[in-house]
Protein chains: 2
Amino acid sequence: MTRDQGIAAAIHDEIERLILNGTWKPGQRIPTELELTARYDCARMTVHKALARLAERGLIVRRRRAGSFVAAPPAEQAVLTIGDFAEEAARTGQRYTHEILLRSEIPAPAGDFTTGEPLLLLHCLHRFDAVPAAWEERLIRIAAVPAVRTARFEREAPGTWLLRHVPWSQAEHEISAATAEAGVARRLNLRRGAALLCLRRRTWHGGGIVTDVRLSFPAERHRFTARFSATTEK
Amino acid sequence: MTRDQGIAAAIHDEIERLILNGTWKPGQRIPTELELTARYDCARMTVHKALARLAERGLIVRRRRAGSFVAAPPAEQAVLTIGDFAEEAARTGQRYTHEILLRSEIPAPAGDFTTGEPLLLLHCLHRFDAVPAAWEERLIRIAAVPAVRTARFEREAPGTWLLRHVPWSQAEHEISAATAEAGVARRLNLRRGAALLCLRRRTWHGGGIVTDVRLSFPAERHRFTARFSATTEK
DNA sequence: CCGCTTAAAATGTCTATACAATAAGTCTAG
DNA sequence: CTAGACTTATTGTATAGACATTTTAAGCGG
């Protein structure tokens, strides 16, 4: 991370280090741009760029006339990466397969969709090395992705297919736990009442909802992990 | 978001809009800095600043000599905000209380800590409106936060107290589901075998682990939600 | 047609300067 | 002592120019 070239990057990294190792504490005022300009013997714009980046990343807060201050540590945040199944399997050397168990066009129920609008309903079972790993129930608004009508989802699972067909969407995620009722338990090869880790994701594009998916994972076979660092390690 | 002042901000926002609404598609080449300089009738540095910001946010990819391209949409990511209990309760108008049920100094077991090092072990029950909402088991490395020895955790829960005493740490989160075994079930007033949503968080500062906490939530009373937008809505 | 060199296009960074915007501090009148 | 006006320190943004860096593309010799 410190291998970046450039004076501005060096200043940025050095100040970041001072903040992260506690030398400069939250609330403390840091030197002004002019002082840093002198210390590093460079142009003010160069210092400014370094500080602007630190401010954008939330490590410092800047106020005109008052100066720059080390920010208070943020409320705990976690950046979850919801991996693509195929990708995840590849990483762990497992074989991934999926199977569409239901495919049906239905009118939208009340809720997030415009009632009555045509939707595609899919049920899909995901397996890692032939063992059921996730159960997916998905609704897709056909008007948002007309091509979905002819998609067969044989090579790609619906989620992966959509990622390629709906660029730059927004999503809302909800993670919860539940106990398996009979239908899901049978699909996932669990006993009724087993704990499930559930992920619901609704995806939007250009103001309209695109898809609403619920994924259920056997508790002992899946977990979400996230590393959060103040420095948003890239 | 578009209320920012300035030419660079305006250019940034306009290009962002073109990408998000699909006018400029992933992979597509966007105009060069020089072309944009002409289009917006401003200095190259101004355009550069706008594009650099878009690149940092991951909406475009820039390659010298080749040009700038709309990036492929990222793998699904979700930014989870793990709210402070007290804060969360205040937001929903509930009354939050916590109770320390165990406090004990123990030598570190094998694992993430240096074996044998003195730790503080805490068990804590969190309640919303007197109803058990979360069960916390926490280890704190005393050497990392010596002040913890004298902290009483009467007004503040351990997590909140630590946030104030350990600035700018890093953390790793793990979310899973489980079924309640007897001890936890009793604390949370659940029947055995009920589904739990579990969060484990390990926090580091300056190279050393600070605390390792496991939180268990009754499945039907808690969920994590996260909104992800390409635009990292602040 | 291949591999090497060379030119050039595009982005990356820095400098120096100017002026704008904000808000903390200071002074003054009452 | 306080309200309001003024000063000024500090950050925010823009400009124009210079040079560095990277990598595609072109040209050329074999």
Side-chain angles (χ1 to χ4, degrees), chain A residues 1-19 24-72 232 234, chain B residues 1-19 24-72 232 234:
Chain A
M1 195 207 319
T2 319
R3 61 193 52 119
D4 279 359
Q5 225 62 310
I7 306 172
I11 298 174
H12 171 278
D13 288 350
E14 182 162 336
I15 294 178
E16 177 188 48
R17 202 173 44 77
L18 290 170
I19 293 175
W24 290 357
K25 299 203 181 345
Q28 179 175 335
R29 188 174 194 268
I30 74 176
T32 66
E33 293 189 352
L34 240 53
E35 287 164 344
L36 291 169
T37 295
R39 177 180 311 182
Y40 290 100
D41 190 29
C42 64
R44 183 169 79 93
M45 272 299 290
T46 307
V47 169
H48 179 76
K49 195 177 163 191
L51 295 187
R53 175 132 195 262
L54 286 166
E56 196 163 303
R57 292 183 44 204
L59 271 87
I60 65 174
V61 172
R62 317 199 69 195
R63 278 174 25 232
R64 279 169 169 155
R65 162 74 222 227
S68 304
F69 303 81
V70 178
T232 316
K234 287 207 229 184
Chain B
M1 194 205 320
T2 317
R3 59 191 55 116
D4 280 357
Q5 225 60 311
I7 306 173
I11 298 174
H12 171 278
D13 289 349
E14 181 162 337
I15 294 178
E16 178 188 47
R17 203 173 43 76
L18 289 170
I19 294 175
W24 289 357
K25 301 204 179 343
Q28 178 175 336
R29 188 173 193 269
I30 74 175
T32 67
E33 293 189 352
L34 240 54
E35 286 164 342
L36 291 169
T37 294
R39 178 180 310 183
Y40 290 100
D41 191 29
C42 64
R44 182 168 80 93
M45 273 298 291
T46 307
V47 169
H48 179 77
K49 196 176 162 192
L51 294 188
R53 177 133 195 261
L54 285 165
E56 196 162 304
R57 293 182 44 202
L59 272 89
I60 66 174
V61 171
R62 316 199 68 195
R63 288 190 358 248
R64 278 168 169 155
R65 164 70 223 232
S68 304
F69 303 81
V70 178
T232 315
K234 288 207 229 185

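Residue numbers begin at 1 in each chain, while the letters A, B, ... track the order of the sequences. Note that the structure is a prediction, hence the values are computed from the model and not measured.
- Distance Ile11(B) CD1 to dA14(D) P: 8 Å, rounded to the nearest Å.
- If you take NE2 of His48(B) and C1' of dC14(C), they are 11 Å apart, rounded to a whole angstrom.
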Ser68(B)/Leu54(B) under side chain to side chain contact (heavy atoms under 4.5 Å, CB included): CA gap, chis, key distance, verdict: CA-CA 10 Å; Ser68(B) 304; Leu54(B) 285 165; over 6 Å; no

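- With the nearest nucleotide of DNA chain C identified for both Arg29(B) and Met45(B), Arg29(B) has the one nearer the 5' end.
- Atom pair Tyr40(A):OH and dT15(C):C1' shows a separation of 18 Å (rounding to whole Å applied).
- Considering His48(B), Glu16(B), His12(B) in turn, His12(B) is the only one that fulfils the side chain to side chain contact (heavy atoms under 4.5 Å, CB included) rule with Arg53(B).
- The nearest pair of heavy atoms linking Val61(B) to Ala71(B) is CG2-CB, 3.9 Å.
- Distances were taken from every side-chain heavy atom of Thr32(B) (C-beta onward) to each of dA10(C), dA14(D), dG12(C); the shortest belongs to dA10(C).
- Side-chain to base pairing of Arg44(B) with dT13(C): one donor and one acceptor N or O lie within less than 3.5 Å of each other.
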At under 4.0 Å between heavy atoms, how does the protein contact nucleotides 20-25 of chain D? Give one character per nucleotide, 5' to 3', with B, S or -. -BBBBS

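- Remark: Arg64(B) engages no residue in a salt bridge (charged side-chain N to carboxylate O under 4.0 Å, His left out) (not counting sequence neighbours).
- Residue contacts shown for Ala52(B) are absent, as no nucleic acid heavy atom lies under 4.0 Å away.
- For the pair Arg53(A) CZ and dG12(D) C1', the interatomic distance rounds to 19 Å; values are reported in whole Å.
- The side chain of Thr46(B) contributes no N or O atom lying less than 4.0 Å from OP1 or OP2 of dT13(D).
- Leu51(B) has its CG atom 13 Å from the P atom of dA10(C), to the nearest Å.
- Counting heavy atoms from C-beta on, the side chains of Ile30(A) and Ile19(A) never come closer than 4.5 Å.
- Taking the side chain as every heavy atom from C-beta outward, Leu18(B) and Val70(B) never approach each other to under 4.5 Å.
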Go through Glu33(B) and Arg62(B) one step at a time and tell me if the salt bridge (charged side-chain N to carboxylate O under 4.0 Å, His left out) criterion holds. CA-CA 11 Å; Glu33(B) 293 189 352; Arg62(B) 316 199 68 195; 2.9 Å; yes

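- Summarising the geometry, the separation between NZ on Lys49(B) and C1' on dT11(D) is reported as 11 Å, rounded to the nearest angstrom.
- As rounded to whole Å, 13 Å separates atom C1' of dG12(D) from atom CD of Glu56(A).
- Between Ile7(A) and Gly67(B), the residue anchored nearer the 5' end of DNA chain C, judged by the nucleotide with its closest heavy atom, is Gly67(B).
- Rounding to whole angstrom units, CG of residue Leu54(A) and P of dG12(D) are separated by 12 Å.
- One finds a side-chain N or O of Ser68(B) lying less than 4.0 angstrom from the OP1 or OP2 phosphate oxygen of dT11(C).
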